[in-house]
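A short write-up of the structure that comes next.
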Amino acid sequence: MKNILLILLFMLSLEAKERVVSLSPSITEILYALGADEEIVATSSYSLYPPEALKLPIIGSYTNPHIEKILSQKPTLVIGQNFNQNTLEKLQYFHIQTLQLELTTIKSIQDSINKIAKRLSKEDRAEILVTNIENKIQKFKKVKNPHSVMIVYGLKEDLRSGIYIAGKEIFFDDIIRLSGNKNAYTDKNTAQPVLNYENVIALNPEQIIILHSHATEPNVDIQKALKAWYSLPTRASKNRQITIIDEDYLHIPSQRVALTIERLMKVMND
């Protein structure tokens with residue numbers, strides 16, 4: 001009788017265990033950071049961190065996940081972002097619990113960490129992650145000489161094509177503001193505007209920070225690209241304030257935004 005009871009308890013514990021599918025690299029990173037290693041069963045493409053995530057089944061891209069692949073994992077919970085709303089709504093027809101998150105500003109990242117933690121009973125770990133982000137913010141004092149900053153996504157040798165930059169209502173804009181500087185892009189309605197080189201010249205930023213990823217842009221000639229940027233008549237070019245940063249975490253709105261805060265604060269304070 002005792003053995004039967006133990007077996008039943010073991011089976012119940014297996015049933016109680018969550019099976020979580022992540023629909024984006026950011027969510028995958030947060031899940032691992034919260035210690036949900038055993039709960040996560042699948043993720044989207046480009047989930048490269050931590051290395052354990054590379055072993056997970058892929059359910060499609062984070063912009064176009066496949067319903068069939070998600071269902072094949074028999075999830076008890078699917079977590080996505082605002083742009084996954086249609087997918088999450090479809091999954092509800094199959095009586096699968098979903099969680100929709102906003103991962104844009106620093107505050108929304110912190111709130112999302114707490115939401116996931118509450119759902120998975122990982123509140124203690126969430127407190128550590130959120131506090132670490134706050135500590136990075138408090139570590140740096142505001143710059144003595146505030147200036148305009150433009151953050152660029154990706155490094156190109158030819159600036160005649162679209163130049164993607166950080167606009168408003170996004171964590172890069174938060175970091176610029178927290179440093180005491182101002183975003184060179186002032187339109188409040190666009191989070192990730194696309195400019196041409198003439199627009200950049202018109203904005204005339206005093207500092208340009210280019211977020212480069214060798215992993216996704218391995219064939220870019222860095223010196224040639226930097227020369228192209230310095231050829232533009234901007235205050236950043238004149239003052240030699242154009243910096244290229246190559247870190248894998250910079251574009252990811254996860255708990256690793258703490259690292260992004262630290263890295264960008266240092267550049268803007270130099």
Side-chain angles (χ1 to χ4, degrees), residues 13-14 16-66 69-84 87-88 91 96-137 170-172 211 213-216 246-263:
S13 68
L14 288 178
K17 186 178 176 181
E18 294 279 7
R19 293 183 59 82
V20 182
V21 171
S22 162
L23 300 187
S24 80
S26 301
I27 294 168
T28 302
E29 290 194 11
I30 293 171
L31 285 166
Y32 274 102
L34 288 171
D37 311 43
E38 295 184 1
E39 286 93 336
I40 184 169
V41 295
T43 184
S44 71
S45 56
Y46 299 107
S47 292
L48 307 177
Y49 183 89
E52 293 86 343
L54 295 171
K55 301 176 184 178
L56 293 172
I58 303 298
I59 48 79
S61 69
Y62 61 91
T63 55
N64 187 31
H66 299 291
K69 289 185 178 181
I70 296 172
L71 294 175
S72 71
Q73 296 300 322
K74 299 179 181 179
T76 59
L77 175 65
V78 178
I79 308 177
Q81 294 177 232
N82 287 349
F83 52 77
N84 298 126
T87 299
L88 295 175
L91 289 169
I96 295 172
Q97 292 190 34
T98 62
L99 187 59
Q100 182 174 317
L101 306 173
E102 179 182 348
L103 292 165
T104 51
T105 63
I106 291 176
K107 185 180 184 303
S108 67
I109 293 169
Q110 292 173 307
D111 289 344
S112 294
I113 291 171
N114 285 324
K115 285 179 182 178
I116 297 174
K118 184 176 181 181
R119 177 62 178 76
L120 299 177
S121 300
K122 307 283 187 182
E123 289 92 344
D124 290 347
R125 184 59 186 167
E127 184 177 356
I128 294 171
L129 299 178
V130 170
T131 300
N132 185 44
I133 295 172
E134 287 297 326
N135 289 341
K136 295 298 183 183
I137 293 171
I170 196 168
F171 62 94
F172 291 116
L211 310 180
S213 172
H214 183 75
T216 57
D246 184 358
E247 303 287 357
D248 67 348
Y249 53 78
L250 291 169
H251 296 277
I252 308 295
S254 69
Q255 79 288 343
R256 291 203 294 168
V257 75
L259 298 175
T260 302
I261 292 168
E262 182 175 45
R263 187 73 176 89

Give the minimum heavy-atom separation between [X] and [Y], together with the two atoms involved.
X	Y	value
I70	P65	CD1-CB, 4.1 Å
F172	L211	CZ-CD1, 3.4 Å
P75	V21	CB-CG2, 3.8 Å
Q97	T76	CB-O, 3.5 Å
K69	S72	O-OG, 2.6 Å
N132	A258	ND2-CB, 3.6 Å

Just so I know, are the side chains of [X] and [Y] near enough to count as touching, which here means a heavy-atom distance under 4.5 Å?
X	Y	value
L71	L91	yes
L120	E18	yes
I30	L103	yes
L88	L23	yes

Between [atom1] on residue [X] and [atom2] on residue [Y], distance to nearest 0.5 Å:
X	Y	atom1	atom2	result
T87	H66	OG1	NE2	10.5 Å
K122	I113	NZ	CD1	15.0 Å
K115	K118	NZ	NZ	10.5 Å
N82	L101	CG	CG	8.0 Å
Y62	S22	OH	OG	12.5 Å
F83	Q100	CZ	CD	10.0 Å

Tell me which donor-acceptor pairs under 3.5 Å the side chains of residues 31-46 have, and how far apart each pair is, sequence neighbours excluded?
| unit_1 | atom_1 | unit_2 | atom_2 | d |
| --- | --- | --- | --- | --- |
| T43 | OG1 | T28 | OG1 | 2.5 |
| T43 | OG1 | S47 | OG | 2.8 |

Okay, side chain of N84, backbone of Q81: is any donor-acceptor separation there less than 3.5 Å?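 Yes, the answer is positive, given that a donor and an acceptor are paired below the 3.5 Å cut-off.
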
Is it true that a side-chain atom of S26 and a backbone atom of I252 form a donor plus acceptor pair closer than 3.5 Å?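 Checked: no pair found.
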
Between I261 and I106, does the side-chain contact (heavy atoms from CB on, under 4.5 Å) criterion hold? Intermediate values first, please. CA-CA 10 Å; I261 292 168; I106 291 176; 3.9 Å; yes

Got more than 12 heavy atoms from elsewhere within 6.0 Å of CD, E127?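 12 or below, so no.
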
Which pairs count as salt bridge (Lys or Arg N to Asp or Glu O under 4.0 Å) when at least one residue sits in residues 19-31, sequence neighbours excluded? E29-R256

Under the rule for ring-ring contact (aromatic ring centres under 6.0 Å, His included), what residues qualify as partners of H251, not counting sequence neighbours?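 Applying ring-ring contact (aromatic ring centres under 6.0 Å, His included) to H251 gives Y153.
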
Show your working on side-chain contact (heavy atoms from CB on, under 4.5 Å) between L99 and I27 and close with a plain yes or no. CA-CA 11 Å; L99 187 59; I27 294 168; over 6 Å; no

